[in-house]
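First up is the structure itself, then whatever we jot down about it.
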There are 2 protein chains.
Amino acid sequence: MANKARPIEGCDCTVIHEVIVNLVREKMPQEETLYDLAELFKVFGDSTRIKILWALDEAEMCVCDIAVLLNMTQSAISHQLRVLRQSNLVKNRREGKVVYYSLDDEHVRQIFNQGLIHVNEEK
Amino acid sequence: MANKARPIEGCDCTVIHEVIVNLVREKMPQEETLYDLAELFKVFGDSTRIKILWALDEAEMCVCDIAVLLNMTQSAISHQLRVLRQSNLVKNRREGKVVYYSLDDEHVRQIFNQGLIHVNEEK
DNA sequence: TGAACAGTTGAACAAGCGTTCATATATATT
DNA sequence: AATATATATGAACGCTTGTTCAACTGTTCA
């Protein structure tokens with residue numbers, strides 16, 4: 001159900017803006033949706049995970065490969081891969097002792113590219 | 001300058017994957033670029049800031065308006081607006097006592113929309 | 001000038017997060 | 001069965017972060 005307009009009890013200035021505030025309130029997506037969105041971006045908000053995703057966008061790799069590539073411990077990489085797995089951003093397949101990881105989402109690249117545009121504009 | 005291929009000293013399996021690892025290494029963007037990208041997503045990784053950005057995408061609003069809209073203290077909103085300002089995501093203008101904030105980046109909506117696609121796919 | 005209002009800022013606190021270390025699991029090899 | 005390799009996991013540790021509280025700045029109006 002849509003959010004209903006309701007009496008404002010804030011600053012004086014907001015009383016004047018009542019119409020606008022209520023209009024924005026109606027247009028806002030569901031609380032839960034915005035929360036999920038923040039959770040997704042939180043996952044992107046770590047350079048180790050960004051690097052992992054970027055690497056996996058180039059090629060399927062095993063945990064050990066990624067650790068060498070990023071010059072980090074295998075444990076640290078494994079922990080981060082779990083986060084990425086739980087966010088449905090990567091998938092894995094086992095081949096003997098080796099577990100290969102790959103991207104599980106084709107939007108990642110587009111999201112990153114949009115982000116890069118902003119980053120590069122700041123110069 | 002591009003990253004150079006270098007001898008692998010990791011797990012046995014990575015020695016086998018040496019060619020791939022070095023290929024990915026060459027294709028990775030600069031360390032600093034990936035760091036900046038993570039910093040940007042870190043800003044998006046908080047539901048309060050997501051809500052503020054979403055609201056400002058609908059209409060220019062003053063600090064007090066946002067506080068009422070999100071049912072939070074004005075101080076908390078002001079702190080978050082500072083973060084958004086420092087990331088060049090919002091701008092402000094003063095009109096008497098009131099400071100109005102608005103979006104300062106047209107990519108935000110596109111980044112959010114891409115994120116929403118992922119979020120909605122998980123169902 | 002002084003009171004009221006809108007917003008900002010710094011310190012403090014709890015909660016969350018990323019890495020490390022030690023250990024556990026799973027598979028392959030001998 | 002015992003060993004080695006590849007990965008996963010839990011606890012612990014320091015660091016970061018979001019909110020609150022109190023104090024401060026800046027503007028308007030009487």
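When reading the values below, keep in mind they use all heavy atoms of this one structure, side chains included, and skip hydrogens, waters and symmetry mates. All chains are named by letter (A, B, ...) in the order of the sequence lines, taking the proteins before the strands, and each is independently numbered beginning at 1.
- Note: CD (Gln80(B)) to C1' (dG7(C)) measures 15 Å, nearest angstrom.
- Taking the six-membered ring for Trp and the full ring otherwise, the centers of Phe44(A) and Phe44(B) sit at least 6.0 Å from each other.
- One interatomic measurement links the two molecules: CD1 of Ile16(B) to C1' of dA28(C), which rounds to 13 Å at whole-angstrom precision.
- Phe44(B) places its CZ atom 18 Å from the C1' atom of dG18(D), with the value rounded to the nearest Å.
- Dashed line: the shortest gap from a side-chain N or O of Thr48(A) to OP1 or OP2 of dT19(C) is under 4.0 Å.
- Between Ile66(A) and Met61(A), the closest heavy-atom pair is CG1-CB, 3.9 Å.
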Per-nucleotide protein contact string for nucleotides 4-16 of chain D (B base, S sugar-phosphate only, - none; heavy atom under 4.0 Å): -BSBBBB------
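- To the nearest angstrom, P of dT19(C) lies 13 Å from CD1 of Ile66(A).
- To the nearest angstrom, P of dG16(C) lies 15 Å from CZ of Arg49(A).
- Separating the OH atom of Tyr35(B) from the P atom of dG18(C) is a distance of 13 Å, rounded to the nearest angstrom.
- Look at CG on Asp46(B): it is 5 Å from P on dT19(D), rounded to the nearest Å.
- Contact annotation: the side chain of Trp54(A) never approaches that of Val108(A) to less than 4.5 Å [non-hydrogen atoms, C-beta and beyond].
- Within the 4.5 Å cutoff, side-chain heavy atoms of Leu89(A) are placed close to those of His118(B).
- SG atoms of Cys64(A) and Cys11(B) are separated by less than 2.5 angstrom, consistent with a disulfide link.
- Taking atom CD1 of Ile52(B) as the reference point, atom P of dG7(C) lies 13 Å away to the nearest angstrom.
- Checked against a 6.0 Å centroid threshold, the rings of Phe112(B) and His107(B) do not count as neighbours.
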